[in-house]
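Below: one structure, written as structure tokens.
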Amino acid sequence: MTTTKVSLVRHGEVFNPEHVLYERLPGFHLSDRGQRMARATARYIAQQPSLNKAVAVFSSPLDRTRETSQAILEALNEKRAERDAKPLNVVLDDRIIEAGNEFRGKRIGHGDGAVWRKGNIHLLRNLWKPSWGETYQQIAQRVGDFVYEKVDEYPGEHIIVVSHESPIWTFRHLLEKGRAEHNMMMRHTGLASVTTITFDDATKLPIAIEYADPAASVI
């Protein structure tokens with residue numbers, strides 16, 4: 001049996017002093033801590049025998065994922081240089097972008113957060129759909145389309161994909177539970193974490209899901 005591994009990496013912390021939901025908006029970059037997180041995860045990837053032999057790096061096109069993927073790419077290419085292998089480039093793909101959300105650009109949460117303002121509460125009528133943007137089924141579908149395409153394209157190899165919490169967890173939840181819908185408060189996808197899914201090349205079924213949080217202690 002041959003297998004293909006897909007490592008889904010969440011971006012590092014974002015500089016967001018106004019605490020707005022940045023969603024797909026441009027101009028939201030990694031914070032100083034987020035940059036340290038990206039480098040910590042990049043070092044972790046470079047030190048792992050399987051991960052540092054990854055043959056491709058993909059990223060969501062947003063600023064925070066591109067910056068995280070760049071740190072990973074630099075660490076990987078150092079390892080590849082030691083093996084006299086050609087350097088990799090980051091390939092952008094819209095299918096692994098952040099989930100669409102009607103609260104984009106607004107503050108949410110307590111106080112004067114957008115969730116409590118008149119005219120917005122109707123967006124929360126269904127926490128399982130969710131009703132404030134892209135449905136979990138839609139998210140899982142586009143991520144799945146991307147992942148299975150790459151499993152076919154890179155059989156027996158390992159690839160790295162830098163994305164966002166919702167796409168990563170929604171797809172993982174679908175694989176583990178058989179449904180994309182979930183309680184967003186129960187997600188287990190830390191900043192700059194690595195979720196590695198191993199697929200059987202013959203059946204395209206997942207045979208293992210591993211999770212690592214190499215940036216958890218970064219301050």
Side-chain angles (χ1 to χ4, degrees), residues 6-48 51-52 54 57-78 90-115 130 132-134 139 143 160-173 182-197 210-219:
V6 179
S7 288
L8 300 167
V9 181
R10 186 183 176 192
H11 61 81
E13 181 187 83
V14 174
F15 181 70
N16 183 21
E18 299 301 320
H19 303 288
V20 301
L21 183 71
Y22 35 79
E23 194 237 23
R24 299 175 181 176
L25 295 174
F28 283 88
H29 300 272
L30 295 181
S31 65
D32 290 344
R33 178 173 178 250
Q35 293 171 13
R36 292 192 294 274
M37 285 179 151
R39 290 194 294 269
T41 295
R43 288 193 297 271
Y44 169 82
I45 289 172
Q47 292 166 2
Q48 302 302 308
L51 280 165
N52 70 30
V57 179
F58 297 90
S59 175
S60 155
L62 298 178
D63 295 318
R64 55 195 182 273
T65 42
R66 294 175 71 169
E67 291 163 358
T68 302
S69 64
Q70 188 59 39
I72 293 169
L73 188 72
E74 291 173 3
L76 273 181
N77 280 340
E78 285 185 11
V90 174
V91 179
L92 306 181
D93 198 297
D94 287 336
R95 290 173 292 180
I96 50 176
I97 200 169
E98 178 64 285
N101 196 307
E102 294 301 320
F103 289 109
R104 74 182 63 85
K106 301 176 181 177
R107 291 189 62 189
I108 59 175
H110 62 278
D112 62 350
V115 168
W132 53 84
E134 236 186 328
I139 297 167
V143 175
I160 294 173
V161 181
V162 184
S163 185
H164 309 264
E165 180 183 36
S166 182
I168 294 171
W169 182 259
T170 302
F171 183 62
R172 175 180 176 176
H173 196 271
H182 62 274
N183 182 342
M184 66 179 181
M185 303 304 293
M186 301 299 289
R187 291 173 182 166
H188 187 53
T189 313
L191 289 164
S193 62
V194 183
T195 301
T196 299
I197 307 170
E210 303 167 272
Y211 177 80
D213 198 357
S217 61
V218 173
I219 57 174

Let me confirm one number: the CE-CG distance from M37 to D213, rounded to the nearest 0.5 Å.
8.0 Å

Closest contact, heavy atoms only, S60 versus L92
O-CD2, 4.0 Å

Any side-chain to backbone donor/acceptor pair from S163 onto I96? Under 3.5 Å, distance only.
yes

Output for pair (H29 NE2, L62 CG), nearest 0.5 Å, gives 11.0 Å

Looking only at non-hydrogen atoms, find the nearest pair between I97 and H164 and report the distance.
C-CD2, 3.6 Å

Can you list, pair by pair, the side-chain donor-acceptor contacts under 3.5 Å of residues 188-196, counting residues two or more places apart and other chains?
unit_1: S193; atom_1: OG; unit_2: G190; atom_2: N; d: 3.3
unit_1: S193; atom_1: OG; unit_2: G190; atom_2: O; d: 2.6
unit_1: T196; atom_1: OG1; unit_2: S7; atom_2: OG; d: 2.7

For R187, all residues meeting salt bridge (charged side-chain N to carboxylate O under 4.0 Å, His left out), sequence neighbours excluded:
E165

Are V91 and V57 packed together at the side-chain level, in the sense that at least one heavy-atom pair is separated by less than 4.5 angstrom?
no

Calculate, to the nearest 0.5 Å, the distance between atoms CD1 and CD1 belonging to I72 and I160 respectively.
6.0 Å

Please answer whether the main-chain N or O of P26 pairs with a side-chain N or O of D63 as donor and acceptor at a distance below 3.5 Å.
no

Interatomic spacing from CE in M186 to CH2 in W169 - rounded to 0.5 Å:
8.5 Å

If every non-hydrogen atom of F171 is compared with every non-hydrogen atom of L8, which pair is closest and at what distance?
CD2-CD1, 4.4 Å

For D93, check salt bridge (charged side-chain N to carboxylate O under 4.0 Å, His left out) against everything at least two apart and list the hits.
R95

Sequence neighbours left out, what passes salt bridge (charged side-chain N to carboxylate O under 4.0 Å, His left out) with R66? Give chain and number order.
none

Heavy-atom closest pair, residues A71 and A42:
O-CB, 3.4 Å

Aromatic rings H11 and Y22: how do their planes relate, parallel, tilted or perpendicular, breaks at 30° and 60°?
perpendicular

Can you tell me how far the CG atom of L30 sits from the CG atom of N16, to the nearest 0.5 Å?
12.0 Å

Filter on salt bridge (charged side-chain N to carboxylate O under 4.0 Å, His left out), then keep only pairs touching residues 29-42, sequence neighbours left out; what's left?
E13-R33

Output all residues satisfying side-chain contact (heavy atoms from CB on, under 4.5 Å) with N77, sequence neighbours left out; order by chain, then residue number.
L73, R80, P87, L88

Closest heavy-atom pair and its distance - E98, P167
OE1-CD, 3.7 Å

Under the side chain to side chain contact (heavy atoms under 4.5 Å, CB included) rule, what do V9 and T41 come out as? Steps first, then yes or no, please.
CA-CA 9 Å; V9 181; T41 295; 4.1 Å; yes

Can you tell me how far CG of L51 sits from CG of L76, rounded to the nearest 0.5 angstrom?
8.0 Å

Mark yes or no for whether T68, through its side chain, and G12, through its backbone, hold a donor-acceptor pair below 3.5 Å.
yes

Expected output: side-chain R64 to main-chain F28 donor-acceptor under 3.5 Å:
no

